[in-house]
Structures are given as structure tokens and as C-alpha cells.
Amino acid sequence: MKEIKNIVFDFGGVLLDWNPRYFYRTFFWDENEMEYFLANICTSEWNAEQDKGRSFSEGIKFLQSQHPEYRNAIQLFWDNWEDMLKSDLPDGVKLLHELKDHDYRIWGLTNWSAETIQIAYRKYDFFQLFDGIVVSGEEKLIKPDRRIYEVLLDRHKLNAEESVFIDDNHANIKTAQELGFKAILFDNIVNVRGQLSAVLQYNNP
């Protein structure tokens with residue numbers, strides 16, 4: 001087995017707690033209406049288009065034309081986006097620091113808007129620990145498309161077999177495994193640490 005040199009982190013659900021409900025619970029009086037809005041209007045699929053490179057201005061304008069009755073609520077997805085980024089996730093961030101302290105190279109591969117990733121960079125200083133980051137919105141490619149993994153590997157001259165990939169999404173994990181990464185699903189920190197210990201062959205990552 002090749003020696004592991006690189007740890008690749010996803011951001012949302014691993015290092016950062018982002019959820020539009022953190023803002024929209026302060027906007028909608030009715031929880032059911034909020035859930036309807038997020039399931040049918042500002043959907044995950046719609047937001048993924050921003051992660052894939054579409055500008056928020058274009059995405060907002062498109063939705064407002066389709067749902068004029070929610071014009072203001074749609075606009076606030078952009079205007080109040082920062083309120084949806086609640087906090088970092090301490091377990092993931094602690095692990096990040098520990099791995100960096102053990103001299104692993106740390107990389108980021110995230111589905112994130114090119115516009116809003118700048119907010120995250122500004123708010124959280126742990127991003128300074130990364131040796132390099134690939135952002136879907138900047139590449140106009142999105143996980144689990146294998147091409148965005150290949151951007152990371154090619155740009156930074158990485159070998160997938162020398163790399164661990166940590167993500168909270170099953171589809172993203174599957175693609176990483178197909179490319180040769182040691183892939184670990186970030187479900188809970190106990191499982192993640194246990195799998196890392198086995199892969200990295202030391203006791204306390």
C-alpha cells in the first residue's frame with residue numbers, strides 16, 4: 001500500500017455548517033411554508049447551479065421570473081447568504097489541525113459558489129492551513145463529476161493512491177474510490193477517526 005501523503009477535505013458538512021434554514025426561520029412565520037419554499041423554489045438543485053458556476057444574480061433573476069410571489073424571499077437567498085453559514089464544525093476542524101500538525105498536506109475539494117466561498121475564507125482562518133483548494137464554482141465542474149477530482153490531481157501533481165478523501169456525500173465518496181482515493185464518509189467523528197487510524201497507521205489522527 002502506498003504511503004498516504006495527502007488529505008483532501010470537503011467543506012460543507014465536514015468543516016462548515018451551512019443551511020438556508022438558519023436564515024429562513026427568521027423570515028417565514030410558518031415552518032411549513034419555509035419547507036415548501038426550500039423544497040420547491042430555492043431548491044438544492046437550483047443552488048447547485050451556483051455551485052456549478054452560475055452567478056447568483058442570474059439564478060435569482062431566473063427564479064423571480066418563475067415565482068414572482070416569492071420575489072423578496074428569493075432575493076434574500078443572496079442578500080442574507082452569510083446568515084446561512086452558521087459556524088465551523090469543531091470535530092472536523094480539530095481533525096484538520098491535527099493532520100496538518102502530523103505533516104500531511106491538506107487540500108480542499110468543495111462544491112461551492114465562486115462568489116460565496118470568499119465569505120467563508122474571510123470568516124474562518126483554518127483555510128490558511130490548506131496547501132491548495134479546488135472550488136466547483138470556479139472550475140464550472142461539480143462533484144461527483146470525476147473531472148473536478150482530476151483537476152485537483154493534475155493541478156497539484158497528486159497521486160490519488162497517496163491521498164485520503166473525506167466527504168459527507170455518498171456519491172462523492174464513490175467517485176473518489178473509483179479514482180483510487182482512500183475515501184472516508186464523514187458521518188460521525190468516531191467512525192472517521194477509526195478509519196483514518198487504520199489507513200494512516202498511527203493511533204490518534
Open item on the list: Strictly distance-based, threshold 3.5 Å: is any side-chain N or O of Gln64 a donor or acceptor partner for the main-chain N or O of Arg71?
Closed with: yes
*asked:* Test of understanding: clusters of I, L, V, M, F, W, Y form through side-chain heavy atoms closer than 4.5 Å, transitively. Do Ile117 and Ile142 belong to the same one?
replied: no
To the nearest 0.5 Å, atom CH2 of Trp78 lies from atom OG1 of Thr116 at 7.0 Å
query = Under 4.5 Å between any side-chain heavy atoms of Asp91 and Arg193, yes or no?
reply = no
Distance col, row Glu31:CD vs Arg25:CZ, nearest 0.5 angstrom, shows 5.0 Å
Under the criterion ring-ring contact (aromatic ring centres under 6.0 Å, His included), I'd like the reasoning laid out for Tyr149 against Phe165: C-alpha separation, chi angles, the key distance, then a yes or no.
CA-CA 10 Å; Tyr149 300 75; Phe165 174 78; 5.5 Å; yes
Partner of Tyr24 under ring pair (Phe, Tyr, Trp, His ring centres under 6.0 Å), picked from Phe37, Tyr36, Trp29, is Phe37
Value for CG (Asp131) from CD1 (Ile106), rounded to nearest 0.5 Å, stands at 7.0 Å
Dump the intermediate steps for side chain to side chain contact (heavy atoms under 4.5 Å, CB included) on Val164 and Leu200, then the final yes or no. CA-CA 9 Å; Val164 172; Leu200 302 180; 4.2 Å; yes
Closest non-hydrogen atoms of Gln50 and Ser55, given as atom of the first, atom of the second and distance, are OE1-O, 4.1 Å
Nearest heavy-atom approach of Phe28 to Ala73 is CZ-CB, 4.1 Å
> Any link between Met84 and Trp46 through a network of hydrophobic side chains (Ile, Leu, Val, Met, Phe, Trp, Tyr) touching at under 4.5 Å?
Replying inline: yes
Between Lys52 and Glu45 (salt bridge meaning N to carboxylate O under 4.0 Å), is one present in this structure?
no
Check: Is it true that Phe11 and Trp18 have ring centroids separated by less than 6.0 Å?
Finding: no
Item checked: Lys123 and Glu82 ion-paired at < 4.0 Å -> yes
Discussion item. For Glu161 and Lys182: C-alpha separation, side-chain torsions, deciding distance, then whether salt bridge (Lys or Arg N to Asp or Glu O under 4.0 Å) applies.
Written reply: CA-CA 7 Å; Glu161 295 179 354; Lys182 306 297 185 293; over 6 Å; no
* To do: Show your working on side chain to side chain contact (heavy atoms under 4.5 Å, CB included) between Leu196 and Ile184 and close with a plain yes or no.
  => CA-CA 8 Å; Leu196 268 175; Ile184 296 175; 3.8 Å; yes
In terms of heavy-atom contacts, Ile173 and Leu185 come closest through CD1-N, 3.7 Å
Open item on the list: Counting C-beta onward and ignoring hydrogens, is there a side-chain heavy-atom pair between Phe181 and Leu109 closer than 4.5 Å?
Closed with: no
Pro144 backbone acceptor or donor facing Thr175 side chain under 3.5 Å:
yes
SG of Cys42 to CG of Leu76, rounded to nearest 0.5 Å, is 9.5 Å
- Message: Please check if the number of heavy atoms outside Lys5 that lie under 6.0 Å from its NZ is greater than 12.
- Response: no
Rounded to the nearest 0.5 Å, the CD atom of Glu33 sits from the CG atom of Leu38 at a distance of 10.5 Å
Between Ala114 and Glu138 the two heavy atoms that sit nearest each other are CB-CG, 3.7 Å
Residue pair Asp167 / Phe186, side-chain heavy-atom distance below 4.5 Å
no
task = Identify whether the distance between the nearest side-chain nitrogen and carboxylate oxygen of Lys143 and Asp51 falls below 4.0 Å.
result = no
Exercise. Parallel, tilted or perpendicular for His156 and Trp107, by the 30°/60° rule?
Worked result: tilted
**Request:** Go through the steps for Ile4 and Val199 under the test side chain to side chain contact (heavy atoms under 4.5 Å, CB included), then give the verdict.
**Result:** CA-CA 8 Å; Ile4 298 299; Val199 171; 3.8 Å; yes
Closer than 4.0 angstrom, basic N to acidic O: yes or no for Arg21 and Glu35? yes
Heavy atoms of Asp83 and Tyr22 approach each other most closely as O-CB, 3.6 Å
Query raised in the report: In the single-linkage hydrophobic clustering (I, L, V, M, F, W, Y; side-chain heavy atoms under 4.5 Å), do Leu152 and Ile148 co-cluster?
Result: yes
Which of Val93, Thr110, Asp10, Leu95 passes side chain to side chain contact (heavy atoms under 4.5 Å, CB included) with Leu15? It is Val93
- Message: Side chains of Val151 and Leu141, heavy atoms from C-beta outward: is any pair under 4.5 Å?
- Response: yes
**Asked** So, are Glu139 and Arg155 salt-bridged, with charged N and O less than 4.0 Å apart?
**Response** yes
- Message: Quick one, Phe77 with Phe56, criterion side chain to side chain contact (heavy atoms under 4.5 Å, CB included). Give me CA distance, side-chain angles, the key distance, then yes/no.
- Response: CA-CA 9 Å; Phe77 199 102; Phe56 266 94; 3.7 Å; yes
Can a donor-acceptor pair be found, under 3.5 Å and without considering hydrogens, that links the side chain of Lys100 to the backbone of Leu129?
yes
### Query
Between Tyr104 and Phe127, is there a shared hydrophobic cluster once you connect ILVMFWY residues whose side-chain heavy atoms come closer than 4.5 Å?
yes
Check whether more than 12 heavy atoms from other residues, nucleotides or ligands sit under 6.0 Å from atom NE2 of His97, and answer yes or no. yes
d(Arg54 CZ, Phe62 CZ) to nearest 0.5 Å is 7.0 Å
Closest non-hydrogen atoms of Ser87 and Tyr124, given as atom of the first, atom of the second and distance, are CA-OH, 3.2 Å
- Under a single-linkage definition using a 4.5 Å side-chain heavy-atom cutoff for Ile, Leu, Val, Met, Phe, Trp and Tyr, are Phe23 and Leu63 assigned to the same hydrophobic cluster? yes
For the side chain of Ser163 and the backbone of Asn159, is there at least one donor-acceptor N/O pair under 3.5 Å apart? yes
- Message: Whether the side chain of Asn169 engages the backbone of Asn172 through a donor-acceptor N/O pair (distance < 3.5 Å, no angle test) should be reported.
- Response: yes
